[in-house]
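Everything numeric in this text was worked out from a predicted model, so none of it was measured.
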Amino acid sequence: MSTTPTVLLVHGAFADAGSWSGVIAELQSHGITVLAPSNPLRGLASDAAYIASVASQIDGPVVLVGHSYGGALITVAGTTDNVVGLVYVAAYALDEGESLGELQGRFPLSPLVSNLKQWTYPVPGGAPAVEVTITEDAFPSVFAADVPVDVTKVLAAAQRPLAAAAFEETAAAAAWKTKPAWALVAGADEAINPEVERFGAKRAGATVVELEGASHAVAVSRPKEVADLIRDAVRATS
C-alpha cells in the first residue's frame with residue numbers, strides 16, 4: 001500500500017470532471033495518482049456519500065480536493081478514515097449543521113444568484129424536482145471571466161445542473177475539524193463571493209493561497225497554481 005496519497009478531485013456545479021484536465025496533467029507529470037469521478041450533483045448528503053464511497057475504495061491515503069460545491073462535499077466525505085487532507089479550490093467550506101444558503105447569506109450575494117435558470121427533472125414516485133444552471137449569456141462573466149471566450153462557450157453548453165435542494169441541505173460533519181486543510185481563494189470570483197471563500201478557509205484553519213484576478217474557473221485558467229497547492233497537501237500528508 002502506497003504512503004503517497006491519491007488525489008481525488010471533486011468538481012462542483014455547472015461543470016464536469018473535464019474541468020480538472022489541466023490540473024490532472026500537472027499532477028500526473030509529477031507522478032501523483034489522480035482520480036476525478038463524476039459528481040452526481042443531486043444533493044449534499046447523497047453526493048457526499050458517493051464521494052466517501054469512492055474514497056473508501058482507494059488503497060492507501062487520499063487527499064480530497066473540492067471545487068465550488070465540491071468543497072461542501074469533501075467537508076462531509078472527508079471524515080472517511082483514509083482521507084488525510086482536504087483542499088478547497090474556490091470552494092465552500094461548511095461547518096457541521098450549516099447549509100450553502102446559510103453560509104452565502106452572511107455575505108453580499110455574487111452575480112451568480114441572479115443569473116440562474118431553473119429546469120425540472122423527474123423524481124421516481126414524486127413531483128418533479130428543480131435544478132439550476134447558469135444562463136448561457138452570463139456564464140462567461142460569472143463563471144470563467146479569465147478563460148478564452150471560445151472555451152467558455154463550450155463550458156456553458158456542457159455545464160451540468162445542480163439540484164436546487166442542495167442549497168438548503170446541511171452538512172452532517174465538518175472534516176476540517178480533524179483533518180488538515182488547504183484553500184485557494186479566487187480573487188475575482190463572481191460565482192462565490194471571495195469573502196465566503198476566505199471566511200471558510202480561515203475557520204477551517206487552512207493554509208491559504210489567493211490568486212488575484214482568478215475567476216471561479218481557476219482550475220481551468222490557472223491549473224499549475226491549483227496543482228501546486230494540491231502538491232503541497234500531498235507532500236505534507238505523505
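When side chains are defined from C-beta on, V63 counts as touching V84, because their heavy atoms get closer than 4.5 Å. Side chains of S68 and I192 form a contact here, defined as non-hydrogen atoms less than 4.5 Å apart. Side-chain atoms of V154 and V151, non-hydrogen and from C-beta on, never get closer than 4.5 Å to each other.
Of all the heavy atoms in T237 and P180, the pair that sits closest is CG2-CG, 4.3 Å. Between T79 and A173, the shortest heavy-atom distance links the atoms CG2-CB, 3.7 Å. When all heavy atoms are compared, the tightest approach of N82 to G60 is ND2-O, 3.1 Å. Heavy-atom minimum distance, A90 versus A186: CB-CB, 4.0 Å. Scanning all heavy atoms of the two residues, the minimum distance from V185 to P194 falls at CG1-O, 4.1 Å. Across all their heavy atoms, A214 and D146 have their closest contact at CA-OD2, 3.6 Å.
A single hydrophobic cluster is not seen to contain both V142 and L211; linkage of ILVMFWY side chains at heavy-atom distances under 4.5 Å, directly or through other members, places them apart. If you chain together hydrophobic residues whose side chains sit under 4.5 Å apart, V54 and L73 fall into the same group. There is a path of hydrophobic side-chain contacts, each under 4.5 Å, that joins V10 to L103. Linking Ile, Leu, Val, Met, Phe, Trp and Tyr residues whenever their side-chain heavy atoms come within less than 4.5 Å places V218 and V34 in a single cluster. The hydrophobic cluster containing F199 also contains W176, counting ILVMFWY residues as joined when their side-chain heavy atoms lie under 4.5 angstrom apart, directly or transitively.
In this structure Y121 satisfies the ring pair (Phe, Tyr, Trp, His ring centres under 6.0 Å) test with no other residue, sequence neighbours excluded. By the side-chain contact (heavy atoms from CB on, under 4.5 Å) test, A171 pairs with L44, V76, L94, sequence neighbours left out. With sequence neighbours left out, H216 forms a ring pair (Phe, Tyr, Trp, His ring centres under 6.0 Å) with H67, F143. Partners of E168 by side-chain contact (heavy atoms from CB on, under 4.5 Å), not counting sequence neighbours: none found.
The salt bridge (charged side-chain N to carboxylate O under 4.0 Å, His left out) analysis of residues 103-125, with sequence neighbours excluded, yields the pairs E98-R106.
Remark: R235 engages D232 in a salt bridge, criterion side-chain N to carboxylate O under 4.0 Å. Ionic pairing of R231 and E26 is not present here: no N-O contact between side-chain nitrogen and carboxylate oxygen is shorter than 4.0 angstrom.
If you take CD1 on I51 and OG on S53, they are separated by 9.0 Å, rounding to the nearest 0.5 Å. Atoms OG1 and CD, on T33 and Q28 in that order, are 8.5 Å from each other to the nearest 0.5 Å. If you take OG1 on T6 and CG on L64, they are separated by 11.0 Å, rounding to the nearest 0.5 Å. Between W182 atom CH2 and I230 atom CD1 the span is 11.5 Å, to the nearest 0.5 Å. Taking CD of E210 as the reference point, atom CD of E225 lies at 13.0 Å (rounded to 0.5 Å). To the nearest 0.5 Å, the span separating CG on L112 from CD on Q104 amounts to 7.0 Å.
Side chain of Q118 to main chain of V130: no donor-acceptor pair is present (N/O by atom type, distance under 3.5 Å, no hydrogens or angles). With S99 contributing its side chain and E102 its backbone, the two residues share a donor-acceptor pair below 3.5 Å. In this structure, Q159 contributes its side chain and I134 its backbone to a donor-acceptor pair below 3.5 Å. Checking side-chain atoms of N39 against main-chain N and O of H11 turns up a donor-acceptor pair under 3.5 Å. Although no hydrogens or angles enter the test, the distance criterion places a donor-acceptor pair under 3.5 Å between the side chain of S238 and the main chain of V234.
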(request) Starting from the C-alpha separation in whole Å, work towards a yes-or-no answer on side chain to side chain donor-acceptor pair (under 3.5 Å) for D47 and Y69. (result) CA-CA 10 Å; D47 293 344; Y69 165 68; 2.6 Å; yes
(message) side-chain contact (heavy atoms from CB on, under 4.5 Å), that's the test. Do I74 and Y88 meet it? Break it down for me.
(response) CA-CA 8 Å; I74 70 170; Y88 294 90; 3.9 Å; yes
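By the neighbour-count criterion of 12 heavy atoms within 6.0 Å, atom CG of D81 is sparsely surrounded, having that number or fewer from other residues, nucleotides or ligands.
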Listing, residues 15-24 side-chain donor-acceptor contacts under 3.5 Å, not counting sequence neighbours, or none:
residue	atom	partner	partner atom	Å
D16	OD1	G18	N	2.9
S19	OG	D16	O	2.6
S21	OG	G18	O	2.7

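A donor-acceptor contact closer than 3.5 angstrom is absent between the side chains of T75 and Y92.
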